[in-house]
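FYI, the numbering just counts along the sequence from 1. Reckoned from all heavy atoms, side chains included, excluding hydrogens, waters and symmetry mates.
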Amino acid sequence: MSSSTLRKAVIRASLLCRSRAPLAQNIEALNVGARWSRLTHSAAGCGSLAVPATRAYWGSSSIRSSASKSLSSYTAAIESSRSFSAAASDLPSFEELPMPSLSPTMTEGNIASWKLKEGDKISAGDVLADIETDKATMDMESMEDGYLAKILVPAGTQNVAVGTTLAIIVEDKADCAAFANYSPSAAPAAPAAAPAAPITAPTPAAPSPSTPAVPAAAPPVRKDSSARVFASPLARKLAAERGIKISNVTGTGPMGRIIKADVEEHKEAAAAETVATSEFPSWMFPDYTDMPVKMIQKITAQRLTQSKQEIPHYYLSVDVQMDKLMAIRAQLNGGLAASKSETKLSVTDFIIKASAVALMRVPAVNSSWMDDKIRTYHAADISVAVQTDHGLMVPIVRDADTKGLSSISSDVKSLATKARENKLTPAEYSGGTFTISNLGMFGVKQFCAIVNPPQACILAVGSSEKRVIPGKVEGTYEEGSFMCATISCDHRVVDGAVAAQWLAEFKKLMEDPMTILL
């Protein structure tokens, strides 16, 4: 029999045995391989198909011994899986409850509290626990009836990855006692291979002359600052943007060439070193209290830092005269009060409506950067920044361009209440095409906000102040109320002239609010 035929037989037997076929089929595959080549060197992962070793031992009696030992190992693995299943079968039927993904951006969460105790009855729809996500604390509901047999992750546990088993649910209450000492590691997730009988490995054959040894990779070489630095154009550009001296970066590319990844790693290392060296002994400071960082604060910090580092921000400001708007607002609120309506329009409601209409007139601002394309949206979903005890929340007023002021006011009040109670659902804070942050009620005159990715712009609104302006009659003066609005833009998406056009539309709508109502 030729060498190629023998090789094919061994490979065929190995591939067949590696499939998840019944034991009889795997044994048959081994028999076929043995009949064809007398070489069963590997079975179902219990041995490795080492081609150089088989080449060194063609026709050797050690092959039969190796095949026998491989088969014994394979059989031991099967018996091990059988005994494992038998051990698992001692437990009643149960269901593992994993950590759910409660928002599109959730990768981990905190167990705020458990609503039930071990042994309690569960009905479909019951709230089992409060899960703190990256945006809110949400209810985790049961999908089936049963009993809570075992809580595996206690309340207060933080950074629990999505998919982690949180608890065990059984059908009968009498089965709860069987899971008193249960742990996820005991679950039959994957049968572990039993220790096989020790196999004496053959002495490695000398390397073939046709297969030269691969030399170990040389460590990166630090370049002398006085010598010429070899770096890719992208690496040089990134280093210049981040203020990194390119000669200080260690190159790992071909011939020590500096690539983009080297600059990024150097930046992370430098930041870590700065943090480490910036820590001072506690005795240098007065008494203090350390507060644990909440999940929403952690996520907000990460995203805002990423936004400020990666998005090229620029800012444009405009002064908006508010006298007409305040007069119409007072008139509309008077009418609502006369009709005994609970709705009361705020300045923020007018700002949301004016922003939404301006987005429809200048749609380029209502866009997002998508790496290989710019996506322009056909509706204005306005995110409104709300400060809560839990952190900064941004609930969304959907389709604000098509809603009236009364509907916008109701949505804002409802969403703000849910945000402060930490009861927002993912649908109420996920998405958004434009953000408004209003600090005017705190007396802030003007500020620059950070773009909320993937959005391209955010509007920062300050307080109104009285100013003396030229009157309608020459030589006279009158008093006017002005508000400063500053838009922060992603320069990759919105050019300065486009942002200025949007600000002009926004200013016109705010100064003549009757056009908003048309």
Side-chain angles (χ1 to χ4, degrees), residues 104-108 134 214-278 298-316 362-377 430-435 448-458 486-502:
T105 58
M106 178 179 173
T107 58
E108 59 183 22
D134 55 345
V214 180
V221 179
R222 171 77 69 174
K223 291 182 173 60
D224 185 1
S225 58
S226 61
R228 179 182 176 185
V229 177
F230 294 92
S232 67
L234 180 57
R236 290 183 181 276
K237 178 181 178 183
L238 186 61
E241 291 176 351
R242 298 189 176 184
I244 300 174
K245 190 175 181 180
I246 194 67
S247 59
N248 293 337
V249 180
T250 301
T252 60
M255 303 300 293
R257 182 182 176 88
I258 300 173
I259 57 178
K260 176 185 175 183
D262 299 330
V263 179
E264 293 176 341
E265 292 176 1
H266 179 84
K267 183 67 175 179
E268 294 175 358
E273 183 179 355
T274 301
V275 172
T277 57
S278 63
K298 179 179 178 181
I299 299 299
T300 300
Q302 291 175 351
R303 293 181 180 171
L304 292 181
T305 301
Q306 180 183 9
S307 172
K308 196 64 176 177
Q309 290 179 343
E310 297 182 0
I311 294 179
H313 285 63
Y314 71 93
Y315 314 94
L316 300 177
V362 189
V365 176
N366 198 35
S367 304
S368 293
W369 177 260
M370 306 298 291
D371 289 332
D372 58 342
K373 57 183 173 289
I374 294 176
R375 177 171 296 169
T376 301
Y377 303 101
S430 300
T433 63
F434 188 88
T435 298
C448 298
I450 301 176
V451 172
N452 181 22
Q455 300 172 13
C457 298
I458 180 172
T486 302
I487 187 171
S488 306
C489 301
D490 182 349
H491 213 322
R492 301 173 301 178
V493 182
V494 181
D495 292 333
V498 176
Q501 183 183 355
W502 184 90

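The minimum heavy-atom distance linking Ser367 with Ala456 is given by the pair O-CB, 3.2 Å. Across Gly253 and Asp262, no two heavy atoms sit closer than the pair N-OD2, 4.1 Å. Residue Ile246 comes nearest to Ala239 through the heavy atom pair CD1-CB, 3.9 Å, listed as atom of the first residue, atom of the second, then distance. The minimum heavy-atom distance linking Ile258 with Gly251 is given by the pair CG1-CA, 3.8 Å. Across all their heavy atoms, Ala364 and Val493 have their closest contact at O-CG1, 4.2 Å. Closest approach of Thr252 to Ile259, counting heavy atoms only: OG1-CD1, 4.1 Å.
Distance OG1/Thr433 to CG/Asn452: 11.0 Å, rounded to 0.5 Å. Within the model, atoms NZ of Lys298 and CZ of Arg303 stand 12.5 Å from one another, a figure rounded to the nearest 0.5 Å. Remark: Gln501 CD to Leu316 CG distance equals 12.5 Å, nearest 0.5 Å. Rounding to the nearest 0.5 Å gives a distance of 7.5 Å between CZ of Arg492 and CG of Asp371. Rounding to the nearest 0.5 Å places SG of Cys457 at 4.0 Å from CD1 of Ile487.
Counting only heavy atoms from C-beta outward, the side chains of Ile374 and Trp369 approach each other to under 4.5 Å. Counting heavy atoms from C-beta on, the side chains of Asp490 and Pro312 come closer than 4.5 Å. Contact check for Thr305 versus Gln302: no side-chain heavy atoms found under the 4.5 Å cut-off. Here the side chains of Tyr377 and Ser368 are in contact, with some heavy-atom distance below 4.5 Å.
Judged purely by atom type and a 3.5 angstrom limit, Ser307 uses its side chain to pair as donor or acceptor with the backbone of Val451. Here the side chain of Gln455 pairs a donor or acceptor atom with the backbone of Thr435 at under 3.5 angstrom.
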Are Ile458 and Phe434 close enough, and set up right, to give a side chain to side chain contact (heavy atoms under 4.5 Å, CB included), and what steps lead you there? CA-CA 6 Å; Ile458 180 172; Phe434 188 88; over 6 Å; no

For a side chain to side chain contact (heavy atoms under 4.5 Å, CB included) check, start with the C-alpha distance between Asn366 and Trp502, then their side-chain angles and the critical distance, and finish with the verdict. CA-CA 10 Å; Asn366 198 35; Trp502 184 90; over 6 Å; no

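For Arg375, the salt bridge (charged side-chain N to carboxylate O under 4.0 Å, His left out) test picks out no residue, with sequence neighbours left out. Listed by chain and number, the residues in a ring-ring contact (aromatic ring centres under 6.0 Å, His included) with His491 are Tyr314 (sequence neighbours excluded).
Atom NZ of Lys308 has more than 12 heavy atoms from other residues, nucleotides or ligands within 6.0 Å.
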